[in-house]
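Working notes for the structure below.
None of the values given here were measured: they were computed from a predicted structure.
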There are 2 protein chains.
Amino acid sequence: MRSQKTQKRTSDALALVEALTGKSQEMADLVEQEQANLDIARKICELRTKAKLSQEELARKVGTTQSVISRLEDADYDGHSLQMLRRIAAALEKRVEIRFLPGPKLQPA
Amino acid sequence: MRSQKTQKRTSDALALVEALTGKSQEMADLVEQEQANLDIARKICELRTKAKLSQEELARKVGTTQSVISRLEDADYDGHSLQMLRRIAAALEKRVEIRFLPGPKLQPA
DNA sequence: GACAATTATCGCATGTTTGCGATAGAGTGA
DNA sequence: TCACTCTATCGCAAACATGCGATAATTGTC
């Protein structure tokens with residue numbers, strides 16, 4: 001029964017964030033969390049499509065099902081675990097690196 | 001755990017960070033080299049001790065208890081979630097960056 | 001030794017992610 | 001149109017992380 005809420009995925013959310021960043025610093029702070037989620041979702045989607053894999057194919061490599069992959073590529077999903085990220089990375093012959101960078105998104109004043 | 005969407009514990013840390021703008025870019029490279037290949041537990045412990053905080057003090061900043069911090073700094077514990085990592089990072093005036101690097105485990109000479 | 005501060009570990013309740021199937025929507029091609 | 005592929009979303013059970021207090025264990029100082 002949905003008519004227009006479909007396909008609102010990482011690409012649309014990316015455009016939204018890109019439009020918001022650069023407007024105001026306050027907005028950027030608010031969007032920070034979503035930006036981080038979006039990065040992960042977009043990275044997974046990019047890596048998967050570059051590997052020419054469908055969600056179901058990647059799911060089989062990872063050892064899960066297609067719906068799980070779709071959930072991970074959802075930009076609004078912020079429940080990522082490092083275990084799952086590493087499983088995804090391993091299936092795509094990558095490794096996950098975690099870095100603690102100084103300051104959340106600071107522009108030099 | 002509460003959803004990150006409705007959580008606002010990091011607002012004080014964000015406010016602190018806003019006063020520290022200006023020296024993020026140069027420190028990024030140092031942090032990258034120092035922490036590129038360290039384990040998550042060691043990173044957290046290192047950041048905390050460098051900030052001269054006890055586990056209980058960090059726990060209060062993060063919004064949890066000391067035992068949780070101790071668990072996160074346990075090297076055998078690999079069940080980290082990105083939400084918790086971001087909370088830790090925010091309390092330490094840092095941000096978490098996730099990168100997918102090529103190769104399973106490349107050892108720099 | 002005694003004392004305080006810090007950290008490690010235990011147990012349990014609660015909340016969240018995962019696993020999985022089922023199904024709907026979107027796109028393509030015949 | 002139909003058939004097929006791919007993706008999004010729903011619902012539920014199981015597995016897992018967190019929240020929290022309590023309590024050892026460790027470390028340092030006197």
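- Neither OP1 nor OP2 of D:dC16 sits under 4.0 Å from any side-chain N or O of B:Tyr77.
- Of all the heavy atoms in B:Leu101 and A:Glu97, the pair that sits closest is CD1-OE2, 3.4 Å.
- Contact record, B:Leu47 with A:Phe100: CD1-CG, 3.4 Å, taken as the closest heavy-atom pair.
- Take A:Glu56 and apply the side chain to side chain donor-acceptor pair (under 3.5 Å) test, not counting sequence neighbours, and it matches no residue.
- Here the OG-CD1 distance, from A:Ser70 to A:Ile44, works out to 11.0 Å after rounding to the nearest 0.5 Å.
- For B:Arg71, there are no side chain to side chain donor-acceptor pair (under 3.5 Å) partners at least two apart in sequence or on another chain.
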Show every donor-acceptor pair shorter than 3.5 Å between a side-chain atom in residues 57-69 of chain A and any protein atom, with sequence neighbours excluded, or say none if there are none.
{"residue": "A:Glu57", "atom": "OE1", "partner": "A:Ser54", "partner atom": "N", "Å": "2.8"}
{"residue": "A:Glu57", "atom": "OE1", "partner": "A:Ser54", "partner atom": "OG", "Å": "3.4"}
{"residue": "A:Gln66", "atom": "NE2", "partner": "A:Gln55", "partner atom": "OE1", "Å": "2.8"}

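- Between the side chain of A:Ser67 and the base of C:dG19 there is no donor-acceptor pair of N/O atoms closer than 3.5 Å.
- The minimum heavy-atom distance between A:Met84 and A:Leu72, with the atom names listed, is CG-CD1, 3.5 Å.
- Residues B:Val96 and B:Ala89 approach most closely at CG2-CB, 3.6 Å, considering heavy atoms.
- Listed pair A:Arg71 / D:dG11 fails the phosphate criterion, with no side-chain N or O lying under 4.0 Å from OP1 or OP2.
- An angle of 40°, rounded to 10°, separates the two end axes of the helix from C:dG1-D:dC30 to C:dA30-D:dT1, each defined over five pairs.
- Within 4.0 Å (heavy atoms only), A:Thr64 reaches sugar-phosphate atoms of the nucleic acid but no base atom.
- For B:Gln83 and C:dG15, the shortest distance from a side-chain N or O to OP1 or OP2 is not below 4.0 Å.
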Enumerate the protein-to-nucleotides 5-7 of chain C contacts in which both atoms are nitrogen or oxygen and the separation is below 3.5 Å.
{"residue": "C:dT7", "atom": "OP1", "partner": "B:Arg48", "partner atom": "NH1", "Å": "3.1"}
{"residue": "C:dT7", "atom": "OP1", "partner": "B:Arg48", "partner atom": "NH2", "Å": "3.4"}
{"residue": "C:dT7", "atom": "OP2", "partner": "B:Gln55", "partner atom": "N", "Å": "2.8"}

(request) Quick one, give me the B/S/- string for nucleotides 24-30 of chain D, reading 5' to 3', where B means a protein heavy atom under 4.0 Å from the base and S means that only happens at the primed atoms, P, OP1 or OP2. (result) -------

